[in-house]
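Here is the structure we will look at.
For the single chain, residues carry numbers from 1 onward in sequence order. In what follows, every heavy atom counts, from backbone to side chain, and hydrogens, waters and symmetry copies are set aside.
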Amino acid sequence: MDKPITSSEGVNGESSRRRRLRSRTGAVSRVLYIPVIWLGIGIVVVAVGWISLLSMLSAERRQAENSALVEAGILARGYAGHLARTLDTVDQLLMVLKLQWENSEGKLRLEDYKNRGVFPEAAPFNVSIVSRDGIRLTSTFGPNVERSSPDVSDRPYYMAHVNAPGDFLFMGLPTWGRATGNAVIQFSRRLTSRSGAFDGVVLLTVKLEFFTANYDTVTLGEHGFIGAIGTDGLVRAARTGATVYDPATNPIPAAPDFSIAAGSRYFAENTMFRDGRSRYVGWQQLSGYDLIALTALDEQTFMAPYGQRRTSLIKTAVSLTFVVLLLACAAALVALRMAARKRQLEMAQSTYRIATEAGSEGFYIARPIADESGRIVDFEALDCNRRGAGLFQLRQEEFIGSKLSYLHDPVSFHRAYQALLQAIDNGEFEGELELSSRDESLHRCVYLKAVYAEGNLAITMRDISKEKSHVRELERRGNEDVLTGLPNRLWVQSFLPDAVAQASRSGKKLGVLFIDLDGFKKVNDTMGHAAGDEVLRIAARRLKDAVRPHDKVVRLGGDEFLVIVENIVVEDDAAHVAERVLQGFNKGFRLQEGTASIGTSIGISIYPGDATDAGSLLEHADIAMYSAKTAGKRTYRFFDASFFDALRARLHRESELRHGIERDQFVLHYQPRIELVTGNTSSLEALVRWVHPSEGLLTPVDFIDLAEESGLVVQLGELVIEKVCAQIAYWAAQGNYVVPVSVNVSSRQFNEANISKVFQRTISRYGIDPRLVEVELTEAAMMEDSEQVTTALCDMRNQGMALLVDDFGTGYSSLAKLQQLDFDVLKVDRAFTTQLGKTDQGNVFFEAIITMAHALGMRVVAEGVEKKEQLTILRHLGCDEIQGFLVARPLAPTANQADLFRKVLAMPT
């Protein structure tokens with residue numbers, strides 16, 4: 001019989017079966033678990049992908065809309081600039097016609113101008129002169145206009161000026177022109193009689209389409225929009241695609257509020273434009289005009305590329321969704337085979353171990369060591385590669401088991417300890433550390449990366465000591481002036497803000513001395529750059545000797561230095577430093593090339609009284625130095641806000657002058673020179689006038705000195721030469737008898753531009769006789785001992801131009817120079833003309849000048865003749881020509897005046 005089964009055996013067998021069942025169940029669960037995880041990952045990836053895609057598309061749409069708004073704003077600014085230039089041109093034309101009409105006392109005929117081609121048939125505008133009674137006197141419309149619309153006194157452009165206190169530019173609303181039937185905008189200015197009373201208007205009508213002719217279909221498309229809207233909300237001109245809106249059509253029923261001068265905004269459909277389309281609108285208010293330039297990009301057109309891209313991306317995303325789900329299923333199957341690769345992973349880990357041994361970085365495994373309270377107090381090295389142990393000059397067996405506190409000195413240990421704690425808290429740490437061994441035999445800068453995983457730290461460490469040393473050397477060189485060894489401008493940019501912050505914290509003052517060397521340029525020019533470098537090195541040494549030990553001396557560049565004076569109590573402390581600097585430069589500089597006298601001009605600004613930031617301190621010290629220069633040099637000045645305001649006003653005027661030259665705001669008047677024997681006009685002097693936008697007509701006394709100082713006289717001079725040659729060519733083309741015209745040329749034009757080439761090129765372009773152009777230069781320009789000046793004068797004489805000495809007697813002319821350069825005419829300054837008849841010495845002096853000039857073969861012109869008595873004396877003394885208010889004031893170049901120039905003048909007796 002079989003042995004009976006005891007109860008104990010039954011229980012154990014049942015337990016074993018249950019364990020096997022649980023094992024099989026667990027295995028099956030693990031097998032099923034892996035595919036579920038991968039499928040879940042696939043679903044998550046798809047979900048994240050769609051969320052990212054939709055978010056990206058939303059961001060791209062916002063970006064496209066922002067781009068549309070930005071582009072609309074840019075287009076508006078460009079269109080505003082175009083409108084401003086157009087209106088400036090319109091206003092300048094009205095001003096010129098106004099001046100010509102008033103100067104000609106109503107004899108100007110616009111029909112003649114049109115017949116001569118000044119106003120071509122294809123021009124988008126017409127001009128009229130309307131009398132004080134509202135009758136059109138002359139125009140460019142055609143011969144029948146006066147009969148069709150004789151009385152225009154009911155028109156806004158006329159009524160606006162009738163009772164106006166002064167002249168201004170009138171701009172009307174779009175309307176239909178009575179004379180032409182065209183859609184136009186009318187501009188007008190007031191005409192004034194000699195008594196100052198209203199004398200009519202000068203009218204300029206511009207075709208409405210001209211203001212939107214720059215519509216760019218490529219940029220704006222077929223449904224874009226440009227237009228000009230008044231600040232009153234009324235449309236002046238507008239265009240959409242090929243459609244130019246006439247006065248009867250308003251494309252914007254209700255203009256939105258453009259309360260700010262410039263901006264851009266999106267307008268949805270049916271909210272702004274009559275055609276109901278959505279657009280991105282940009283606007284820019286015109287400076288000086290009550291107009292707003294408006295541009296708009298059609299939303300449907302502009303966003304079309306985005307819509308196409310969105311459709312394409314969604315189609316791609318749908319395809320990728322199926323691909324990702326298929327890959328997730330495939331990954332679930334592949335995961336089942338991962339167990340078979342466990343051995344391969346172990347082999348890979350072994351290979352990685354070999355790789356770490358061969359690498360250039362130190363590799364470590366460290367274990368945190370905690371005290372009884374659980375606080376980490378140290379770290380123990382569990383493993384390392386040879387490179388890691390070598391960084392501490394130890395073998396692997398010596399390094400493994402060592403504690404971090406044993407490997408480093410206390411300061412270095414604290415740095416490494418904090419870095420590894422941060423790695424434990426954040427999961428990783430990466431950065432640079434300065435580490436030293438306990439016996440301080442090693443000091444290294446390392447790049448450390450620590451990753452915390454499964455209770456231990458995996459650490460890689462690379463020695464970057466050489467790289468850091470190289471970087472520090474580069475920084476030192478970058479902050480040091482090579483020539484003098486002083487800190488340079490780059491150093492100041494990093495040091496001065498910190499010094500200002502420190503002064504703010506301590507409550508003390510900080511002084512900045514801006515120092516410029518006086519006489520340095522002369523040394524550089526006469527002795528050479530090597531001598532200049534020697535001066536800079538000596539100046540650096542003297543500055544360091546003059547200042548206090550803790551003051552900072554900096555070379556900014558060129559011959560400019562800076563002294564930073566810290567911890568001063570009163571401003572006099574900075575003044576004492578400046579005085580020591582001035583004294584330090586009293587002694588001459590002994591150079592290899594000789595001895596040079598070098599001084600200093602010093603500007604001082606004080607924190608916080610003069611400025612509260614580093615940039616302003618430097619700027620104000622520079623301005624104070626300029627004040628010291630203007631005060632005579634070799635002195636110091638504190639920053640003065642009033643001087644700064646004056647300098648700023650001068651810079652503003654210089655900017656206006658530069659803008660005026662660029663926008664051609666200058667006109668020429670001509671004053672005749674009269675032969676005393678015949679009474680004929682022998683020549684004209686071209687005199688420039690500035691038609692300032694707000695100040696009116698300015699004479700040279702208001703701007704010529706500034707042009708000389710700033711160098712703008714070179715550009716202005718070329719503009720004058722251009723206008724003179726063009727005027728001579730125009731007079732000649734009209735069949736008038738033309739006399740020579742003289743042009744004033746400054747010394748800067750000789751030194752900074754090839755003035756003879758400028759004359760030659762301009763004369764050739766207009767095809768005029770060089771003998772019709774004369775050159776006037778002052779005694780100062782004539783006396784410059786420059787080969788460049790002499791060569792230019794000889795070139796101009798060889799071209800056939802006459803040479804004149806202007807304002808003779810105010811400088812220090814040399815008879816040898818006059819004879820050497822072979823001048824043709826000597827113009828005696830008005831200061832001597834005014835003395836005629838007052839004293840015998842005045843007459844004798846003038847007679848001596850005439851005798852000398854005639855002996856050198858030169859004609860003599862008396863400037864500033866205003867009295868008949870002066871004329872009588874000049875005739876008696878044998879003077880050749882006169883110029884002054886007695887015979888003619890400077891006149892605008894109208895046709896009637898051109899006739900006057902060729903007639904014999906009735907000379908006063």
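- Taking 4.5 Å as the limit, some side-chain heavy atom of Val411 sits within range of a side-chain heavy atom of Arg415.
- Between His692 and Phe666, the ring center distance fails the sub-6.0 Å criterion.
- Inter-residue side-chain proximity for Asn524 and Met527 is flagged as unmet; no heavy-atom pair is nearer than 4.5 Å.
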For residues 577-593, dump all side-chain donor-acceptor pairs below 3.5 Å to protein atoms at least two apart in sequence or in another chain.
from: Glu579; atom 1: OE2; to: Tyr636; atom 2: OH; distance (Å): 3.2
from: Arg580; atom 1: NE; to: Ala546; atom 2: O; distance (Å): 2.9

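- Residues Val446 and Glu432 have side chains not in contact (no heavy-atom distance under 4.5 Å, counting atoms from C-beta outward).
- Taking all atoms of both residues into account, the shortest heavy-atom contact from Thr295 to Ala76 is OG1-N, 3.2 Å.
- Taking the charged nitrogens against the carboxylate oxygens, Glu65 and Arg62 have no contact shorter than 4.0 Å, which rules out a salt bridge.
- Using a 4.5 Å heavy-atom cutoff, the side chains of Val523 and Leu517 are not in contact.
- Side chain of Ser264 to main chain of Gly282: no donor-acceptor pair is present (N/O by atom type, distance under 3.5 Å, no hydrogens or angles).
- Put simply, the side chain of Trp491 does not reach to within 4.5 Å of the side chain of Arg555, judged on heavy atoms.
- Comment: Asp533 does not engage Arg537 in a salt bridge, judged by the lack of any side-chain N to carboxylate O separation of less than 4.0 angstrom.
- The heavy-atom pair separating Val553 from Leu543 by the smallest distance is CG1-CB, 3.9 Å.
- Contact of the Val512 side chain with the Leu618 side chain is registered, since non-hydrogen atoms from C-beta on lie closer than 4.5 Å.
- Ala423 and Tyr452 get closest at one heavy-atom pair: O-CB, 3.6 Å.
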Might you work through the salt bridge (charged side-chain N to carboxylate O under 4.0 Å, His left out) test for Arg541 and Asp545, ending with a clear yes or no? CA-CA 6 Å; Arg541 290 196 298 270; Asp545 291 341; over 6 Å; no
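- In this structure the side chain of Trp690 never reaches within 4.5 angstrom of the side chain of Leu697, judged on heavy atoms.
- Under the salt bridge (charged side-chain N to carboxylate O under 4.0 Å, His left out) criterion, Asp378 pairs with no residue at all, not counting sequence neighbours.
- A salt bridge is defined here as a Lys NZ or Arg NE, NH1 or NH2 lying under 4.0 Å from an Asp or Glu carboxylate O, and Asp551 with Arg548 meets this definition.
- For the residue pair Glu71/Tyr280, the side-chain donor-acceptor check at 3.5 Å is not satisfied.
- When all heavy atoms are compared, the tightest approach of Ala540 to Leu486 is CB-CD1, 3.6 Å.
- Between His408 and Phe413, the distance separating the two ring centers is not shorter than 6.0 angstrom.
- Judged by distance alone, with hydrogens and angles left aside, the side-chain atoms of Ser504 form no donor-acceptor pair with the main-chain N or O of Val500 at under 3.5 Å.
- Remark: of the listed residues Asp516, Asp518, Thr630, Thr635, Asp518 is the sole one forming a side chain to side chain donor-acceptor pair (under 3.5 Å) with Ser601.
- Nearest heavy atom pair, residue Ile604 against residue Leu513, reads CG1-CG, 4.0 Å.
- Remark: Val569 engages Asp573 in a side-chain contact (heavy atoms from CB on, under 4.5 Å) (not counting sequence neighbours).
- Ionic pairing of Glu566 and Lys552 is present here: one or more N-O contacts between side-chain nitrogen and carboxylate oxygen are shorter than 4.0 angstrom.
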